[in-house]
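Contents: one structure, followed by commentary.
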Amino acid sequence: MEHIVIIGNGIAGVTAARHIRKLSDKRITIISAESEYFFSRTALMYVYMGHMKFEHTQPYENWFWKKNRIDLITDYVTEVVHTDKKVLLRSGKEIAYDKLIIATGSKPNKFGWRGQDLKGVQGLYSKQDLEQLEANAPDKETCKRAVIVGGGLIGIEMAEMLRTRKIPVTFLVREDSFWNGVLPKGESQMINEHILEHHIDLRLGTNLEEIISDENGRARAVKIKETGEEIACDVVGLTAGVTPNIDFLKDSDIETGKGVKVNRYLETNIIDVYAIGDCAEQHEGIGQRRPIEAVWYTGRMMGETIAQTICGNKFAYQPGHWFNSAKFLDIEYQTYGWVFSERNMKDHEQHFHWRHSEENICITVAFHKETKLFLGINTFGIRMRHEIFDRWLSEERDVHHVMEYLKDANFDPEFYAQYEAEIVRKFNSDHGTTIQPKKKSWKRIFAAS
Amino acid sequence: MKTIQNIGIAIFLVGLGIFTALPVIGTFTLDRKDFEEIVAEKKFKSELFVSEMQKNVVGKEFNGMPDFSSTIDEAQSGVNKEHRKNKEWNKVVYPGSIDMAALLGKKSGSGFIVENKGLMWFLTFGLGILGALMFIVPQVVTLGKKGIKNDGIYHQSSTNRGWIAWLVFVFLIGFYLLLYFRPQYAVNWTYLVDPISESLSGKPAGHWFVYGFMYCVVMTVMAVRMYIKYRHNVYQMVRTTSVLFFQIVFAFLIPEIMVRLQMPYYDFKNAFPLDYDFFFSWNLKELTSSGGIGIFILVWGIVLTVVMVPVMVYFFGKRWYCSWVCGCGGLAETLGDPYRQHSSKSLFSWKVERWLVHGVLVFAIVMTGMTLYSFFTESGTVLGIKTSSVQNTYSLAIGSVFAGVIGTGFYPIFGNRVWCRFGCPLAAYLGFVQRFKSRFRITTNGGQCISCGNCSTYCEMGIDVRAYAQKGENIVRSSCVGCGVCSAVCPRGVLKLENGPEEGRINPTQVLLGNDVDLMELVNKK
């Protein structure tokens with residue numbers, strides 16, 4: 001029986017295993033040093049915040065793996081010996097494979113700051129990171145202030161986590177507005193305001209100079225490059241993005257760049273070795289995507305794809321229309337299609353922005369200047385229906401169509417206030433159009449599904 | 001804020017402490033005149049009992065119900081023993097000694113508690129309400145900006161099965177055991193609400209009136225908590241208001257007012273088979289002998305069960321009842337909300353749940369069949385089984401122990417819908433309709449789930465919502481009561497309660513949205 005070995009039990013590796021089991025009877029082994037059973041990494045923050053216990057982040061009960069004949073090994077892979085088709089483990093054991101899937105994910109970026117390896121300095125990615133944060137910052141007495149370096153999604157999550165334990169947080173963001181490499185101006189501005197509302201000391205346009213040690217080799221302060229100011233703190237969170245976690249492949253013949261280089265079939269340069277998820281790097285980005293996509297959903301999709309290939313239906317990785325979501329403190333964010341920030345905006349890209357006068361609700365719709373082709377939408381504080389936008393993008397609808405049928409796409413709970421009429425009114429007045437929003441129709445919503 | 005909250009807790013505990021002490025304190029003196037009235041009214045045939053009582057009880061002052069109750073019990077059981085020995089069956093004194101103590105106790109209360117009903121109400125209910133609100137209302141500020149705030153739930157003893165939760169557990173179990181099985185000890189509580197009862201029904205309060213009043217108070221106070229916690233979520237606000245309205249108006253006020261108008265006591269929203277004794281012969285006799293209103297109630301009860309329930313479930317799912325109307329659901333959604341995360345999501349629990357809840361439904365239907373057979377044929381047995389013993393077993397095991405003691409007492413440990421999930425025959429019936437013929441489902445939003453588990457953790461019915469969401473499948477389950485909290489806690493906006501078209505409601509997915517695998521090609525290659 002063919003033996004499939006998967007390194008890494010994150011969403012990519014586990015999805016691959018589950019789908020291989022759905023499609024075949026192959027022997028499957030998953031190796032992970034991080035945790036015995038699969039858990040949802042994105043939910044780690046809720047464990048610290050006390051919304052859930054760690055076991056709640058595990059989507060499958062512990063008997064699931066045995067029942068589905070997926071062998072789990074808790075160990076660390078030190079080396080891949082592709083010539084003998086085996087992997088070496090830290091415990092000294094060797095595991096032979098017929099096909100190997102590398103799904104080792106990421107690790108937090110460190111940019112060579114002075115003091116970055118001091119005690120009390122940490123990222124937030126793995127289960128071990130969470131345990132470390134629990135030790136470093138159990139309460140506001142032990143951790144009198146935390147400084148977070150890096151203005152992305154993990155950074156704001158970490159700030160939110162610490163604030164639930166009333167720990168004062170200073171948030172150093174290199175850009176002059178939060179996440180404005182990704183978000184258009186209006187949205188980034190709204191999040192800036194929301195961060196301040198949560199009593200987080202947001203410092204925009206600030207870089208870290210160094211982390212200062214106390215006599216025990218523990219971080220005691222950070223120094224800011226621009227002003228030279230020293231901020232006393234007990235914990236420093238480094239959240240300036242992530243890099244593929246592939247150090248163990250350094251001496252193998254597997255071709256790597258930043259990540260493991262793969263083609264559209266997720267194959268590496270070595271036969272029967274594949275890479276998926278955060279650690280995989282496309283030779284060239286697909287569509288407008290980046291070569292490395294450290295996103296939950298893409299990890300899952302690559303897992304689905306590789307399972308097809310391994311089970312004999314060779315499939316290229318074809319991610320459909322881009323989508324993503326996140327939550328900034330209390331504001332939910334969803335995006336469908338492409339909406340670029342001012343920094344990365346295409347020449348033909350035009351934005352329509354609407355923001356509620358009081359609530360933290362806004363949307364930005366991107367469309368083609370001339371053809372009015374709908375390119376994408378960002379929503380904050382409004383939930384939208386994935387299927388509908390996916391369909392409109394496939395059907396290459398124009399922005400007028402989107403506005404007219406926007407009510408079909410609303411996914412907010414029942415009895416919520418609806419803003420489509422107001423949005424369309426603003427669109428009409430901005431663009432001199434006379435679009436009348438159509439009433440929501442179940443028939444249209446479920447037309448294609 | 002913290003100070004106000006702490007003072008609130010202290011005040012609440014004082015009120016609760018006095019309330020808890022009441023069953024065992026107070027003085028009881030049975031007046032000769034009162035006793036003679038009761039004897040005349042109840043038509044006791046035993047001279048021996050009357051004389052025993054006059055010798056040992058009447059005119060004497062007892063300190064606390066335990067003393068009073070045990071004296072009556074001694075007198076009564078001695079007398080009954082004597083009568084039984086002499087085969088004087090018609091002289092044996094019914095009701096049982098517990099009800100006798102409750103009956104006589106209600107008339108015998110004397111001293112401070114009875115003379116200061118208003119003050120005592122304030123020292124128990126009043127302080128309880130005031131203290132609880134002083135703890136709850138500052139949450140407007142302490143919870144911070146509106147949004148889902150489950151911060152620290154798993155760090156607190158009260159909501160993480162810590163010692164506080166176990167104390168609440170013991171208190172609730174004790175309260176229900178007393179209410180169902182030792183009602184004579186609730187006599188002092190009835191005095192507190194006598195004025196309210198008299199103003200509504202014109203009669204002094206019994207222990208069930210205490211319970212009904214308390215139920216409304218607890219729900220109202222905890223509804224304030226719901227309003228604050230979910231103030232950004234209109235669905236939760238509307239639902240809480242609805243369930244509170246039906247409890248106060250339909251379950252509490254209307255039945256009491258009906259009694260004042262010489263009508264039968266009836267809760268118009270209580271559908272069979274949850275209202276399991278609706279078809280019991282005493283109820284049918286009472287209804288058929290109460291004239292027009294009795295017949296109306298009879299017809300309404302049948303129409304509610306046979307027509308309203310399936311039609312409404314078809315259009316709105318069973319949530320219209322379980323989360324918007326039902327009293328048990330109402331208590332679960334208000335008092336029980338802080339404990340909702342404790343319902344077990346394991347496959348094992350699901351298996352147990354299906355056997356138990358459907359078992360209770362079958363039991364209820366068989367029992368009702370026997371009851372109706374007995375009613376129309378006027379025979380006490382069906383196939384050699386005594387109908388009354390089946391009824392008594394159900395009343396005790398399901399009506400009292402499961403619905404009351406376990407159903408509510410287990411909130412802090414096993415979550416707030418233990419009864420609804422494992423025991424309620426009506427939920428099982430509604431569930432069948434919901435699963436097979438309804439427009440209701442929880443829709444999942446394409447491929448947006450990150451499997452974080454918030455939805456499953458906070459599902460009070462123990463549904464592993466995530467298992468469906470991460471596959472992009474709509475959630476169509478018999479047990480879902482449509483509380484809407486999975487949707488509220490989802491950080492990615494993946495879940496939404498919908499009453500859409502029936503077609504396509506169940507949608508197994510092969511590959512999730514977002515990955516452009518050609519499904520036709522995939523199917524053909526297989």
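For clarity, every value in this text was computed on a predicted model and none was experimentally measured. In what follows, chains carry the letters A, B, and so on, assigned in the order in which the sequence lines appear, proteins first and then strands, with residues in each chain numbered from 1.
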*Name the region of Val489(B), side chain, backbone, both or neither, that has any atom closer than 4.5 Å to a heavy atom of chain A.*
neither
*Taking all non-hydrogen atoms of both residues, which atom of Val295(A) and which atom of Asp278(A) are closest, and how far apart?*
N-OD1, 3.8 Å
_Under a plain distance cut-off of 3.5 Å, with no hydrogens placed, do Gln341(B) and Thr457(B) share a side-chain donor-acceptor pair?_
no
*Output the option from Glu498(B), Arg492(B), His155(B) having the highest count of non-hydrogen pairs under 4.5 Å with chain A.*
Arg492(B)
*Using non-hydrogen atoms and a 4.5 Å limit, figure out which bit of Lys146(B) sits close to chain A: side chain, backbone, both or neither.*
both
*So among Met1(B), Arg225(B), Lys149(B), Lys229(B), which one has a side-chain contact (heavy atoms from CB on, under 4.5 Å) with Gln139(B)?*
Arg225(B)
*Does a salt bridge link Glu414(A) with Arg319(B), judged by any charged N lying under 4.0 Å from a carboxylate O?*
yes
*Parallel under 30°, tilted from 30 to 60°, perpendicular over 60°: which one fits the rings of Trp392(A) and Phe389(A)?*
perpendicular
*asked:* Which atoms of Asn507(B) are under 4.5 Å from chain A, going by heavy atoms: the side chain, the backbone, both sets, or neither?
replied: neither
*asked:* Can you tell me how the ring of Phe323(A) sits relative to the ring of His386(A), calling it parallel under 30°, perpendicular over 60° and tilted otherwise?
replied: tilted
*Do the side-chain N and O atoms of Tyr227(B) and Thr241(B) include a donor-acceptor pair separated by under 3.5 angstrom?*
yes
*For the student: nearest non-hydrogen atoms of Ile148(B) and Ala488(B), plus distance*: CG1-O, 3.1 Å
*Sort Tyr297(A) into side chain, backbone, both or neither according to what part of it lies under 4.5 angstrom from a heavy atom of chain B.*
side chain
*Heavy-atom distance under 4.5 Å to chain A: side chain of Leu495(B), backbone, both or neither?*
backbone
*Heavy-atom closest pair, residues Arg165(A) and Glu134(A)*: NH1-OE2, 2.7 Å
*Based on non-hydrogen pairs under 4.5 Å, which of Leu497(B), Ile153(B), Asn233(B), Asn499(B) is most in contact with chain A?*
Asn233(B)
*Out of Gly147(B), Gly152(B), Gly453(B), Gly144(B), which one racks up the most heavy-atom pairs below 4.5 Å with chain A?*
Gly152(B)
_Quick check on Thr159(B) against chain A: is it the side chain, the backbone, both or neither that has a heavy atom closer than 4.5 Å?_
neither
*Would you mind telling me which of Leu44(A), Asn324(A), Val47(A), Asn360(A) has the largest number of heavy-atom pairs within less than 4.5 Å of chain B?*
Asn324(A)
_Residue Ser456(B) versus chain A: region with a heavy atom under 4.5 Å_ = neither
*For residues Tyr317(A) and Arg289(A), report the shortest heavy-atom separation together with the two atoms involved.*
OH-NH1, 4.2 Å
*Considering only heavy atoms, which portion of Arg466(B) lies under 4.5 Å from any heavy atom of chain A: side chain, backbone, both, or neither?*
side chain
*Side-chain H-bond candidate by donor/acceptor type, Arg383(A) with Tyr416(A), under 3.5 Å*: no
*asked:* Using 30° and 60° as the class boundaries, would you call the ring planes of Phe39(A) and Phe54(A) parallel, tilted or perpendicular?
replied: tilted
*Per-residue contact mode, Asp464(B) against chain A (heavy atom under 4.5 angstrom)*: side chain
*Top residue by heavy-atom pair count (under 4.5 Å) with chain B, among Ser40(A), Ala43(A), Cys311(A), Pro319(A)?*
Ser40(A)
*Do you know which of Gly446(B), Gly447(B), Gly504(B) has the most heavy-atom pairs with chain A at a distance under 4.5 angstrom?*
Gly447(B)
*Any idea which of Gly484(B), Ala467(B), Gly472(B), Gly500(B) has the most non-hydrogen atom pairs under 4.5 angstrom with chain A?*
Gly500(B)
*Return the option, out of His194(A), Lys22(A), His199(A), Glu359(A), with the maximum number of heavy-atom pairs under 4.5 Å with chain B.*
Glu359(A)
*Mind ranking Met52(A), Met49(A), Glu61(A), Arg41(A) by heavy-atom pairs under 4.5 Å with chain B and telling me who comes out on top?*
Met52(A)
*Looking just at side-chain N and O atoms, do Gln334(A) and Tyr336(A) make a donor-acceptor pair shorter than 3.5 Å?*
yes
*According to the interplanar angle, ranging from 0 to 90°, do the rings of Tyr46(A) and His51(A) count as parallel (below 30°), tilted (30 to 60°) or perpendicular (above 60°)?*
tilted
*asked:* What part of Met384(A) gets within 4.5 angstrom of chain B, counting heavy atoms only: side chain, backbone, both, or neither?
replied: backbone
*Check each atom of Asn62(A) against the heavy atoms of chain B and say whether the ones under 4.5 Å are side chain, backbone, both or neither.*
neither
*Among Phe411(A), Phe415(A), Tyr48(A), Trp322(A), who wins on heavy-atom pairs under 4.5 Å with chain B?*
Phe411(A)
*Options Arg300(A), Met302(A), Gln58(A), ranked by heavy-atom pairs under 4.5 Å with chain B, top entry*: Arg300(A)
*Is it the side chain or the backbone of Thr298(A) that comes within 4.5 Å of chain B heavy atoms, both, or neither?*
neither
